Amino acid sequence: MRGAVLLLVLLFCVSAEGGGVDRGSQSSVLAEREIWSELRAIKNMVGEQEVELQTHKDNVASLEKRTEVAFSAALSSGKFGPYTTETPLVYRRSITNLGGAYSSNTGVFTAPVRGAYYFRFTAMNNKHGENMAVNLYRNSQRIIHNSKQNDGNTFISNAAVLHLNQGDEVYMRLHENCGLFENDDTYNTFSGFLLYSM
């Protein structure tokens with residue numbers, strides 16, 4: 001920008017002095033045309049820079065307006081399972097649900113934007129001798145299977161980072177012939193958050 005201003009000043013100085021050429025002469029007219037041509041080029045260049053600057057401002061604004069997505073939920077108090085088929089787990093006690101991407105009615109997290117997400121779950125059973133197993137799914141694909149033979153108060157937990165497209169669903173299911181126990185101590189949880197959008 002400073003270079004453009006210096007060029008303008010130089011062109012005006014040359015034009016004003018005439019460079020020793022008579023104003024009415026043909027070379028003076030040509031010099032004036034060249035000056036006006038240069039001024040138009042500078043004006044066009046400044047216009048392009050203004051557009052580029054606005055694009056950068058828009059990009060910064062979109063980065064500042066990042067999507068906030070984070071949730072954590074727990075099962076309601078009671079005994080879950082064992083069931084003869086794999087059963088959806090619906091974590092109805094919402095602890096946090098920034099962005100509203102987790103449904104406490106269905107137990108399903110739906111990705112609002114394409115990105116990398118972190119998910120974690122915990123599970124507990126207190127019935128001696130009863131198997132405990134839970135599965136984490138992305139859409140219809142099982143990503144994690146965690147299981148343990150219960151010998152009293154038994155706990156399991158796991159986590160994963162998943163690349164999700166907008167609209168992908170992540171949810172938990174109780175494995176067949178397995179059980180869980182929950183009370184007000186919040187043993188069984190399902191949590192997740194957006195690491196970064198892509």
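Since we're looking at a predicted model, the values are computed, not measured. For the single chain, residues carry numbers from 1 onward in sequence order.
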*Taking the side chain as every heavy atom from C-beta outward, state whether Thr67 and Ser197 have any pair of such atoms under 4.5 Å apart.*
no
*asked:* According to a hydrophobic-cluster definition based on side-chain heavy atoms being under 4.5 Å apart (Ile, Leu, Val, Met, Phe, Trp, Tyr only), do Leu194 and Ile143 belong together?
replied: yes
*In Å and rounded to the nearest 0.5 Å, what is the CD to CG distance from Gln141 to Asn135?*
12.5 Å
*Could you tell me which non-hydrogen atom of Ile144 sits nearest to which non-hydrogen atom of Ala160, and how far apart they are?*
CD1-CB, 3.7 Å
*Under 3.5 Å, is there a donor-acceptor pair between the side chain of Arg93 and the main chain of Ala73?*
no
*Nearest atoms (heavy-atom pairs only) where Ala101 meets Val69*: CB-CG1, 4.1 Å
_Gap between atom CG of Leu75 and atom CE of Met172 - 0.5 Å precision_ = 9.0 Å
*Please step through side-chain contact (heavy atoms from CB on, under 4.5 Å) for the pair Asp184 and Ser77, ending with a clear verdict.*
CA-CA 6 Å; Asp184 292 338; Ser77 294; 3.3 Å; yes
_Side chain Glu182, main chain Asn188, donor-acceptor under 3.5 Å_ = yes
_Donor-acceptor pair, side chain of Thr85 and main chain of Tyr83, under 3.5 angstrom_ = no
*Does the side chain of Tyr187 reach to within under 4.5 Å of the side chain of Leu180, using non-hydrogen atoms?*
no
*Can any side-chain N or O of Gln166 pair as donor or acceptor with the backbone N or O of Pro112 at less than 3.5 Å?*
yes
*Rounded to the nearest 0.5 Å, what's the gap from CG on Asn139 to CG on Leu164? Could you check?*
8.0 Å
*Do His163 and Arg114 pass the side-chain contact (heavy atoms from CB on, under 4.5 Å) test, and can you show the C-alpha distance, the side-chain angles, and the key distance before you say yes or no?*
CA-CA 8 Å; His163 171 255; Arg114 183 174 181 262; 3.7 Å; yes
*Check step by step if side-chain contact (heavy atoms from CB on, under 4.5 Å) holds for Val46 and Glu50.*
CA-CA 6 Å; Val46 169; Glu50 286 175 348; 4.0 Å; yes
*asked:* If you compare all heavy atoms of Arg173 against all heavy atoms of Pro88, which two are closest, and at what distance to 0.1 Å?
replied: NH1-CG, 3.6 Å
*asked:* Does any part of the side chain of Thr189, heavy atoms only, come nearer than 4.5 Å to the side chain of Thr122, both counted from C-beta?
replied: yes
*Is Ile95 isolated, or which residues cluster with it under the ILVMFWY side-chain rule of less than 4.5 Å, directly or via members?*
none
*Say you draw a straight line from CZ of Phe71 to OG of Ser191; how long is it, rounded to the nearest 0.5 Å?*
6.0 Å
*asked:* Please give the remaining members of the hydrophobic cluster of Tyr137, linking ILVMFWY side chains under 4.5 Å, ordered by chain and number.
replied: Val108, Tyr171
*Flag side-chain contact, heavy atom, 4.5 Å: His128 against Asp151*: yes
*Is the side chain of Asn97 donor-acceptor paired with the backbone N or O of Tyr102 at a distance under 3.5 Å, no angle test?*
yes
_Joint hydrophobic cluster, Phe181 plus Phe121, side-chain heavy atoms closer than 4.5 Å_ = no
*Lys/Arg-Asp/Glu bridge criterion (N-O < 4.0 Å) met for Lys79, Glu130*: yes
*Classify the ring geometry between Phe119 and Phe190 as parallel (under 30°), tilted (30 to 60°) or perpendicular (over 60°).*
parallel
*asked:* Tell me the closest heavy-atom pair linking Thr186 and Ala74, and the distance in Å.
replied: CG2-CB, 3.4 Å
*asked:* Run Gln149 and Asn131 through side-chain contact (heavy atoms from CB on, under 4.5 Å) and show every step you take.
replied: CA-CA 5 Å; Gln149 174 70 39; Asn131 289 331; 2.5 Å; yes
*asked:* Is it the case that the side chain of Arg92 and the backbone of Ser76 share a donor-acceptor pair, with hydrogens and angles ignored and the cut-off at 3.5 Å?
replied: no
*If you measure from OG1 on Thr84 to CG on Asn177, what distance do you get to the nearest 0.5 Å?*
7.0 Å
*Check whether the side chains of Thr96 and Ser72 place a donor and an acceptor atom closer than 3.5 Å, and report yes or no.*
no
*Would you say Phe80 and Met124 are hydrophobically clustered, going by side-chain heavy atoms of ILVMFWY under 4.5 Å?*
no
*Supply the members, apart from Leu195, of the Ile/Leu/Val/Met/Phe/Trp/Tyr cluster built from side-chain contacts under 4.5 Å; use none for a lone residue.*
Tyr118, Val161, Phe193, Tyr196, Met198
*How many angstroms lie between NZ in Lys127 and OG1 in Thr154, if you round to the nearest 0.5 Å?*
13.5 Å
